[in-house]
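In what follows, a single structure is set out as structure tokens and then discussed.
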Amino acid sequence: QVQLVESGGGLVPAGGSLRVSCAASGHTFSNYAMGWFRQAPGKDREFVAGISRSASSTYYVDSVKGRFTISRDNAKNMVYLQMNSLKPEDTAVYYCAAGLAYYSPRLYQYWGPGTQITVSS
């Protein structure tokens with residue numbers, strides 16, 4: 001089992017930047033694909049970005065392409081989401097997740113508790 005804890009959320013003005021981090025513990029971190037999901041009030045959870053075990057491949061939902069960057073450091077058991085040019089519609093609780101395939105939201109098995117990101121207009 002993998003335990004995940006997010007950090008770095010907060011309030012940011014539109015157009016600003018923020019980096020959220022996720023610390024993993026438990027099973028070997030490099031055995032898992034990692035991803036970021038988000039859930040806005042009244043909406044379904046959305047798969048935002050994924051990264052393969054070796055960081056050689058990534059996935060982004062269209063709405064964040066060119067603005068968000070997912071990365072990982074297997075030596076530190078960390079995964080990051082750098083968010084630039086933030087928009088009010090990016091406001092949500094952001095969740096870190098670990099799974100079997102970086103591109104498939106249905107194959108994520110472990111979840112962090114989430115961190116709130118609010119983008120003010």
Side-chain angles (χ1 to χ4, degrees):
Q1 193 161 353
V2 178
Q3 291 79 44
L4 304 169
V5 179
E6 303 92 344
S7 61
L11 176 66
V12 61
S17 298
L18 197 65
R19 187 177 84 157
V20 289
S21 304
C22 174
S25 61
H27 279 187
T28 304
F29 178 70
S30 58
N31 286 348
Y32 292 91
M34 298 299 297
W36 287 94
F37 292 71
R38 66 186 180 186
Q39 188 165 20
K43 295 188 176 181
D44 293 336
R45 188 172 294 189
E46 178 183 38
F47 181 38
V48 175
I51 188 166
S52 62
R53 294 169 180 82
S54 64
S56 59
S57 300
T58 56
Y59 163 86
Y60 297 95
V61 68
D62 286 347
S63 59
V64 309
K65 284 181 180 177
R67 299 189 299 123
F68 289 13
T69 302
I70 187 171
S71 61
R72 67 189 294 165
D73 186 336
N74 286 346
K76 296 182 179 179
N77 290 0
M78 297 290 294
V79 62
Y80 308 97
L81 186 67
Q82 175 68 44
M83 300 177 286
N84 299 327
S85 302
L86 282 160
K87 305 175 181 180
E89 50 264 43
D90 294 317
T91 295
V93 177
Y94 282 71
Y95 299 91
C96 173
L100 301 177
Y102 74 95
Y103 51 83
S104 177
R106 291 178 295 177
L107 296 181
Y108 282 85
Q109 303 168 293
Y110 304 106
W111 301 84
T115 185
Q116 175 71 47
I117 294 172
T118 302
V119 183
S120 61
S121 57

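Excluded from the calculations below are hydrogen atoms, water molecules and symmetry mates; all remaining heavy atoms, backbone and side chain alike, are included. Just so it is clear, the model here is predicted, and its values are computed rather than measured. Sequential numbering from 1 along the given sequence is applied to the chain's residues.
Between Trp111 and Phe37, the gap from one ring centroid to the other is short of 6.0 Å.
The side-chain heavy atoms of Gln116 and Leu11, taken from C-beta on, include no pair separated by under 4.5 Å. Looking only at side-chain heavy atoms (C-beta outward), Met83 and Ile117 come within less than 4.5 Å of each other. Contact check for Arg38 versus Asp90: side-chain heavy atoms found under the 4.5 Å cut-off. Using a 4.5 Å heavy-atom threshold, the side chains of Val2 and Gln109 count as separate. Within the 4.5 Å cutoff, the side chain of Glu46 has heavy atoms near those of the Ser63 side chain. Side-chain contact between Val79 and Trp36 is present, with heavy atoms from C-beta onward closer than 4.5 Å. Side-chain contact check for Val61 versus Phe68: every heavy-atom pair is 4.5 Å or farther apart.
Contact detail for Ser121 and Ala14: the closest heavy-atom pair is CA-CB, 4.3 Å. Closest of all the heavy-atom pairs between Ala33 and Arg72 is CA-NH1, 3.9 Å. Listed here is the closest heavy atom pair of Tyr108 and Gly50: OH-CA, 3.8 Å. When all heavy atoms of Val93 and Gly114 are compared, the closest pair comes out as CG1-CA, 3.9 Å. Taking all atoms of both residues into account, the shortest heavy-atom contact from Ala40 to Thr91 is CB-O, 3.6 Å. The shortest heavy-atom contact between Ser30 and Arg53 is O-CB, 3.3 Å.
We find the OG-CG distance between Ser25 and Leu4 to be 7.5 Å, quoted to the nearest 0.5 Å. Here Phe29 contributes atom CZ and Met78 contributes atom CE; the two are 8.0 Å apart, rounded to the nearest 0.5 Å.
Tracing side-chain contacts under 4.5 Å through hydrophobic residues (I, L, V, M, F, W, Y), one reaches Tyr110 starting from Leu81; they form part of the same cluster. Tracing side-chain contacts under 4.5 Å through hydrophobic residues (I, L, V, M, F, W, Y), one reaches Val20 starting from Tyr59; they form part of the same cluster. Hydrophobic clustering (side-chain heavy atoms under 4.5 Å, transitive across Ile, Leu, Val, Met, Phe, Trp, Tyr) groups Met34 together with Tyr95. Cluster membership check: Val64 shares its hydrophobic cluster with Leu86, using side-chain heavy-atom separations under 4.5 Å among Ile, Leu, Val, Met, Phe, Trp and Tyr.
Between the side chain of Tyr102 and the backbone N or O of Ala55 there is no donor-acceptor pair closer than 3.5 Å.
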Practice problem: Please step through side chain to side chain contact (heavy atoms under 4.5 Å, CB included) for the pair Tyr60 and Ile70, ending with a clear verdict. | Solution: CA-CA 9 Å; Tyr60 297 95; Ile70 187 171; 3.4 Å; yes

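Every residue two or more places apart in sequence or in another chain was checked for a side chain to side chain donor-acceptor pair (under 3.5 Å) with Arg45, and none qualifies.
Counting heavy-atom neighbours within 6.0 Å of Phe47 CZ, excluding the residue itself, gives a total above 12.
Every pair passing disulfide bond (SG atoms under 2.5 Å apart) that includes a residue from residues 46-121 is listed here, sequence neighbours excluded: Cys22-Cys96.
Gln82 pairs in a side-chain contact (heavy atoms from CB on, under 4.5 Å) with only one of the listed residues (Ser21, Ser17, Ser71), which is Ser17.
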